Trainee: 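Here you go, one structure.
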Amino acid sequence: MERTLSIIKPDGVAKNVIGEVIKRFETDSIKIAAMKMIKLTKTQAQGFYAVHRERPFFDSLTDFMTSGPIVVMVLEGKDVIAKNRKLMGATNFKEAEDGTIRKDYATDIEKNVVHGSDAPETAAFEIGYFFNDLEIQER
Ligand code: ATP
Ligand code: MG
């Protein structure tokens, strides 16, 4: 079993597609092991995206991520990191495959509805950024 962090970003929450995103996870046999809705501060967003701090879009991205509530989830399942990335689609929705979350709902390379960890090490960091062990259920 593997775990990953998923975020429904402020644009996804604003578009009212929380249920739609979760339905795609559950339909693909992915289990939700933890979930909450929060609103990030700028400092929290900068800490979460610290790996991107030198990128030209860092300031805009961290502003966007603090622009409204987000839903953070721990997903659990076999190969769930890769499975979630496949359901999400490419970062740029214009390059995303048909039937992916970003192809269906993203409107912008930055406002792309969802986040998913990209490797076991980043998943461990990202899960720990939002949840402690007591908040995560074995599924
Ligand atoms: P995420 O990390 O959110 O799951 P990702 O791994 O597909 O997405 P990254 O390269 O890690 O993409 O970029 C992190 C986020 O930064 C993207 O999801 C997007 O919101 C934003 N981003 C990435 N590239 C650009 C860009 N060229 N211009 C504006 N925003 C960008
Ligand atoms: Mg990434």
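FYI, the numbering just counts along the sequence from 1. None of the values given here were measured: they were computed from a predicted structure. All ligand and atom numbering here is 1-based and tracks the order in the structure. These values consider heavy atoms only, across backbone and side chains, with no hydrogens, waters or symmetry-generated copies.
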Trainee: Does a salt bridge link Lys42 with Asp59, judged by any charged N lying under 4.0 Å from a carboxylate O?
Mentor: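 Yes.
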
Trainee: At what distance is the nearest protein heavy atom to atom 22 (N) of ligand 1, and which residue and atom is it?
Mentor: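 Checking every protein heavy atom, the shortest distance to atom 22 (N) of ligand 1 gives Phe57 CE1, 3.6 Å.
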
Trainee: Which is it for Phe64 and ligand 1 at heavy atoms under 4.0 Å: side chain, backbone, both or neither?
Mentor: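 Neither; nothing of Phe64 gets under 4.0 Å from ligand 1.
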
Trainee: For the side chain of Glu95 and the backbone of Asn92, is there at least one donor-acceptor N/O pair under 3.5 Å apart?
Mentor: no

Trainee: What is the closest protein heavy atom to atom 1 (P) of ligand 1, and at what distance does it sit?
Mentor: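 Here the closest protein heavy atom is His115 ND1, 3.0 Å.
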
Trainee: Whether the Lys39 and Thr66 side chains hold a donor-acceptor pair (N or O, under 3.5 Å, no angle test) is what I'd like checked.
Mentor: no

Trainee: So is Arg102 close enough to ligand 1, meaning a heavy atom under 4.0 angstrom away?
Mentor: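 Yes, Arg102 has heavy atoms under 4.0 Å from ligand 1.
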
Trainee: Does a side-chain N-to-carboxylate-O contact under 4.0 Å join Glu20 and Lys23?
Mentor: yes

Trainee: Do any N/O atoms on Met88 end up under 3.5 angstrom from N/O atoms on ligand 1?
Mentor: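 N/O-N/O distance below 3.5 Å does not exist for this pair.
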
Trainee: Parallel, tilted or perpendicular for Phe130 and Phe48, by the 30°/60° rule?
Mentor: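 It falls in the tilted class, 30° to 60°.
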
Trainee: Between Asn112 and ligand 1, find which residue part has any heavy-atom pair under 4.0 Å and reply side chain, backbone, both or neither.
Mentor: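 Answer for Asn112: side chain.
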
Trainee: Verify the distance criterion only: is there a donor paired with an acceptor across the side chains of Glu126 and Ser117 at less than 3.5 Å?
Mentor: yes

Trainee: Considering only non-hydrogen protein atoms, determine which one is nearest to atom 7 (O) of ligand 1 and report residue, atom name and distance to 0.1 Å.
Mentor: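 Sorting protein heavy atoms by distance from atom 7 (O) of ligand 1 puts Thr91 OG1, 2.4 Å first.
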
Trainee: At under 4.0 Å between heavy atoms, is it the side chain or the backbone of Glu126 that contacts ligand 1, or both, or neither?
Mentor: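 For Glu126, no heavy atom sits under 4.0 Å from ligand 1.
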
Trainee: Checking the N or O distance criterion of under 3.5 Å, is ligand 1 in contact with Lys111?
Mentor: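 Checking ligand 1 against Lys111, no N or O pair falls under 3.5 Å apart.
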
Trainee: Ignoring hydrogens and geometry, is there a side-chain-to-backbone donor-acceptor pair from Arg139 to Ile32 under 3.5 Å?
Mentor: yes

Trainee: Give the residue and atom name of whichever protein heavy atom lies nearest to atom 27 (N) of ligand 1, and the separation in Å to one decimal.
Mentor: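 Heavy-atom neighbour on the protein nearest atom 27 (N) of ligand 1: Ile109 CD1, 3.8 Å.
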
Trainee: Check whether Ile8 and Ile101 end up in the same hydrophobic cluster, where Ile, Leu, Val, Met, Phe, Trp and Tyr are linked by side-chain heavy atoms less than 4.5 Å apart.
Mentor: yes

Trainee: Counting from 1, what ligand 1 atoms have a heavy atom of Tyr49 closer than 4.0 Å?
Mentor: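 The atoms of ligand 1 under 4.0 Å from a heavy atom of Tyr49 are 3 (O).
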
Trainee: Do any nitrogen or oxygen atoms of Arg85 lie less than 3.5 angstrom from nitrogen or oxygen atoms of ligand 1?
Mentor: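 Yes, at least one N or O pair falls under 3.5 Å.
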
Trainee: Students should be able to answer this: which protein heavy-atom is nearest to atom 20 (O) of ligand 1, and at what distance?
Mentor: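 For atom 20 (O) of ligand 1, the nearest protein heavy atom is Glu110 O, 2.8 Å.
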
Trainee: Can you give me the closest heavy-atom contact between Gly68 and Pro10, atom names plus distance?
Mentor: O-CG, 3.7 Å

Trainee: Is Lys15 close enough and on-axis enough to Tyr105, meaning under 6.0 Å and within 45°, for cation-pi?
Mentor: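 So Lys15 doesn't make the cation-pi contact.
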
Trainee: For atom 14 (C) of ligand 1, grab the closest protein heavy atom and report residue, atom and distance to one decimal in Å.
Mentor: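 Here the closest protein heavy atom is His52 NE2, 3.5 Å.
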
Trainee: Nearest protein heavy-atom contact for atom 15 (C) of ligand 1: which residue, which atom, what distance?
Mentor: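 Residue, atom and distance for the closest contact: Leu61 CD2, 3.9 Å.
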
